[in-house]
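I have placed the structure first, in the form of C-alpha cells, so that the comments after it can refer back to it.
So you know, we letter chains A, B, ... as the sequences are listed, proteins then strands, and number each from 1.
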Protein chains: 2
Amino acid sequence: MTRQPTLQDVAQAAGVSIATASRVLNGSASATSRTVGPHLRARVLDAARRLHYTANAQAQALARSSNPLVGLLLHDIADPYFSLIASGVLAVAEEYRMRVVIASTGTDPDVAAAHLAALRGQRAQAAILVGSRTTSDAGEARLAEEVEQFTAADGRAACVGQPGLPAHTLCPDNTGGGAAVGRHFRGRSSVAVVAGPGRLQTVRDRLHGFRSGLGRLEDTLVEADFSRDGGYRAAQAVPADTTAAFVMSDVMATGFCTGLRDRGLRIPQDVWVAGFGDVPSVRDLSPALTTVRLPLVEMGARALTLALGEERPQTIGVPAELVVRGSSGA
Amino acid sequence: MTRQPTLQDVAQAAGVSIATASRVLNGSASATSRTVGPHLRARVLDAARRLHYTANAQAQALARSSNPLVGLLLHDIADPYFSLIASGVLAVAEEYRMRVVIASTGTDPDVAAAHLAALRGQRAQAAILVGSRTTSDAGEARLAEEVEQFTAADGRAACVGQPGLPAHTLCPDNTGGGAAVGRHFRGRSSVAVVAGPGRLQTVRDRLHGFRSGLGRLEDTLVEADFSRDGGYRAAQAVPADTTAAFVMSDVMATGFCTGLRDRGLRIPQDVWVAGFGDVPSVRDLSPALTTVRLPLVEMGARALTLALGEERPQTIGVPAELVVRGSSGA
DNA sequence: CTGTTAGCGCTTTCAA
DNA sequence: TTGAAAGCGCTAACAG
C-alpha cells in the first residue's frame with residue numbers, strides 16, 4: 001500500500017508546522033482554530049488536496065478522547081420494523097455528522113451486552129438499543145449493568161422498547177395497541193392470537209393489552225418466531241373455526257394471511273386479521289391489513305435525538321393507534 | 001464521567017507491566033502472546049474484570065495501524081432490497097468479528113464518494129457499495145477516483161451493482177432479468193414500464209433487457225422514484241388499455257398493484273404485473289407478484305466475503321431468475 | 001516469561 | 001499568528 005499521507009506529510013509539503021496544519025485542516029469549530037493566516041491556510045489546504053489527505057479518525061478520536069460515533073443495536077435489520085427505525089436513526093446521525101455502527105443482536109440480551117461493551121471500547125457517544133426486553137432476569141441484569149458502564153463512560157444510551165434499562169426509553173404503547181385490537185375484536189366468536197416468542201416483554205404487553213381489551217380470556221395462543229414464514233405456519237395451527245386473529249407483527253401477519261387463504265379461509269368474511277406496526281407494505285395486501293400504527297421512522301429519529309440531547313434519562317411514551325382496514329371488515 | 005480504566009490501570013492493579021497486561025488482554029492470536037505465566041495471567045484477567053476494562057479500540061487501531069471495520073454504503077436502508085443485502089453483510093461481518101459502519105447515501109455518487117473518503121479516514125478494511133451506477137460521468141469518475149484512493153490505502157472495496165468501479169463487483173443480471181420479463185410479456189397487447197430514475201444504470205439495463213426480450217419497442221414508459229408511493233402514482237399515469245406492466249422494483253410494484261386496483265383494473269385479468277427483486281413480502285400480495293428473483297441476502301454476504309478474501313478485483317455475475325406468480329396469470 | 005520503550009497520527013496547551 | 005512538545009492508550013520490537 002501507498003502509505004496514507006499523514007498530517008506530518010501535509011505540513012512538510014506546505015512548509016508549515018504540524019500544529020498549523022492541524023489547525024486549518026481539522027480545527028474544531030472553536031474560535032482558537034481560525035487563527036491561521038490566509039496565506040499559510042491556503043498552502044496547507046492545497047497540499048492536503050494534492051496528497052489526498054484524510055485525517056486518521058482513530059488518531060483524532062484518541063487525541064480528542066471522543067469519537068463521533070453512535071452504535072445501533074437491533075434484533076434483525078432484514079425486518080422492516082427494524083429497518084424503518086434504523087432509517088430514522090441514520091437520518092439524525094447524518095444531521096449530527098456522526099458515524100453509525102450497526103449490529104444485529106437477535107433477542108439475546110447477552111449478545112446486546114457484548115456489543116455494548118464493544119461500543120464502549122470504541123468510545124461511542126451514543127448507543128441505541130432497539131428491541132424488546134426479555135424475561136431473562138439474569139440476562140437483563142447483565143445488560144443493564146453494561147448500560148450503566150456505558151453511561152459511566154460518558155456515553156448516552158437510548159432504548160426503543162420497554163422500560164427497564166437505565167437509559168432514555170422510547171416506549172411504544174404495546175398494551176394500549178393490543179387493547180385497541182381487543183376491543184375491535186369484541187363480538188367475534190373465536191379468537192386466536194399469534195404471538196412472538198413468549199420470553200419477549202413486548203409480546204407479553206401486547207397480549208395482556210389485547211386480552212383486557214377483548215374483555216375475556218378464551219383465545220387460542222399460537223407462538224411463532226417473528227418471521228413471515230412463522231406467520232404462515234401459524235395460520236395452519238390456528239383452529240378451523242377461528243373468526244379473528246391478532247398477529248403480533250406485520251411481517252408475521254403478512255405470511256399469516258397467505259396461510260389462511262391457502263387453507264381456504266377468507267379474510268375478512270371468515271376471519272378478521274390484525275397486525276402490529278404498520279409497515280408500509282401491509283396497505284397493499286388485499287384486503288389491506290388492519291394494524292396498530294407505530295411511527296417507526298420517527299421513533300428511530302427521536303431515540304437518537306433524545307440520546308444526544310437530554311442529560312437525564314427520560315421515558316417517553318409513543319402512542320399506538322389502531323388503523324382499521326379491510327382485513328377486519330372495514 | 002468516571003474515567004475509563006486504561007491498560008495502565010489494569011497493569012497497576014494487577015502489579016504487572018503494561019506489556020504483560022496487553023499480552024494477556026488483547027494479545028493477537030499469534031503464538032508470541034500466549035507467553036504469559038498462568039499466575040500473572042489470572043491476576044491480570046481478574047483486575048480487568050474488576051475494573052470493567054475494555055480496550056480503547058481507537059488506540060488499538062492506531063497502534064496496530066489496522067481497524068477491523070467495514071463500511072456499508074447503500075441507497076436507502078428502509079427499502080427491503082437494501083436491508084436484505086445489509087443483512088447478508090452483517091452476518092459475514094459478525095463471522096469475521098468486524099464492526100460495520102453503515103450509511104444511506106441516496107443515489108448521488110458524490111455522497112458515496114464523501115462517505116468513502118471518511119471510511120478511508122477510519123482506515124476501514126473494506127467498503128461495500130450497494131446500488132446503481134449512474135449516468136453522471138463526472139460523479140462516477142470522482143467516485144472511481146475515491147475507490148482508488150481507498151484501495152491504495154490498502155482497503156478492499158466491493159460493489160453490488162454494475163461494473164464500472166475499480167473494485168470487486170457483484171453484478172446482478174439486470175438485463176437478463178428484464179429480458180425474461182419481456183419474453184414473458186410477449187403477446188400482451190399494450191405494455192407499460194414503470195422505471196426508476198433514468199440516470200440509474202440499473203434502470204437502463206433492466207429496460208434494455210426488457211425491450212429486447214419483448215421483441216418490440218412500443219411500450220409506455222413512466223418514471224417514478226423507487227418508492228411504494230411512486231409505484232402507486234405510476235398506476236394512475238399508465239394508459240387505461242395497458243395489459244401488462246413491468247415495474248422495476250418490488251417496492252414500487254407493491255404500490256403499483258394497489259394503484260391499479262384503486263383505478264378499477266384487475267390483476268391479472270386486465271393487467272399483468274411483474275416486479276424485480278423478489279423481496280419476501282411480494283409472495284403475499286394477492287395475486288402473488290411475478291418478479292425477478294435476486295438472492296439479496298447472499299449477495300450481501302458474497303460481497304463482503306469477496307472483499308475480504310480476494311486480492312485481485314473480480315466481477316461476478318449474479319443470475320436473475322423469473323418467478324412467475326399470479327400477477328401474470330400463473 | 002516479563003519489562004522497557006519507541007512510536008501510531010493527531011490535538012492542544014504553552015511559549016515565542 | 002505560529003511552533004514545540006507533551007500526551008491520548010495501546011502494540012510491538014527489543015532486552016533481559
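Atom CG of B:Leu40 and atom P of C:dG3 are 6 Å apart (whole Å). What separates CZ of B:Arg23 from P of C:dC1 is a distance of 11 Å, to the nearest Å. One can place CG of B:Asp9 at 10 Å from C1' of D:dG9, the figure rounded to the nearest angstrom.
The phosphate of D:dT2 (OP1 or OP2) has no side-chain N or O of A:Thr20 nearer than 4.0 angstrom. Note on B:Ser17: every side-chain N or O is 4.0 Å or more away from OP1 and OP2 of C:dT4.
The neighbour count for B:Glu298 CD, taken as heavy atoms of other residues, nucleotides or ligands under 6.0 Å away, does not exceed 12.
When atom types are taken as modelled, the side chain of B:His168 and the backbone of B:Gln314 share a donor-acceptor pair closer than 3.5 angstrom. Judged purely by atom type and a 3.5 angstrom limit, A:Thr305 uses its side chain to pair as donor or acceptor with the backbone of A:Ala301.
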Can you list, pair by pair, the side-chain donor-acceptor contacts under 3.5 Å of residues 82-104 of chain B, counting residues two or more places apart and other chains?
from	atom 1	to	atom 2	distance (Å)
B:Ser83	OG	B:Pro80	O	3.4
B:Arg99	NH2	B:Asn67	OD1	2.5
B:Ser104	OG	B:Ile77	N	3.4

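Between the CZ atom in B:Arg50 and the CG atom in B:Leu45 there is a gap of 11.5 Å [rounded to 0.5 Å].
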Pairs under 3.5 Å (N/O, protein and nucleotides 5-9 of chain C):
from	atom 1	to	atom 2	distance (Å)
C:dC8	O2	B:Ala63	N	3.3
C:dG9	N2	A:Ala59	O	3.4

Checking B:Arg123 against B:Asp154 for the salt bridge (charged side-chain N to carboxylate O under 4.0 Å, His left out) test, could you report, in this order, the C-alpha distance in whole Å, the side-chain angles of both residues, the deciding distance, and whether it holds?
CA-CA 9 Å; B:Arg123 303 300 183 261; B:Asp154 234 15; over 6 Å; no
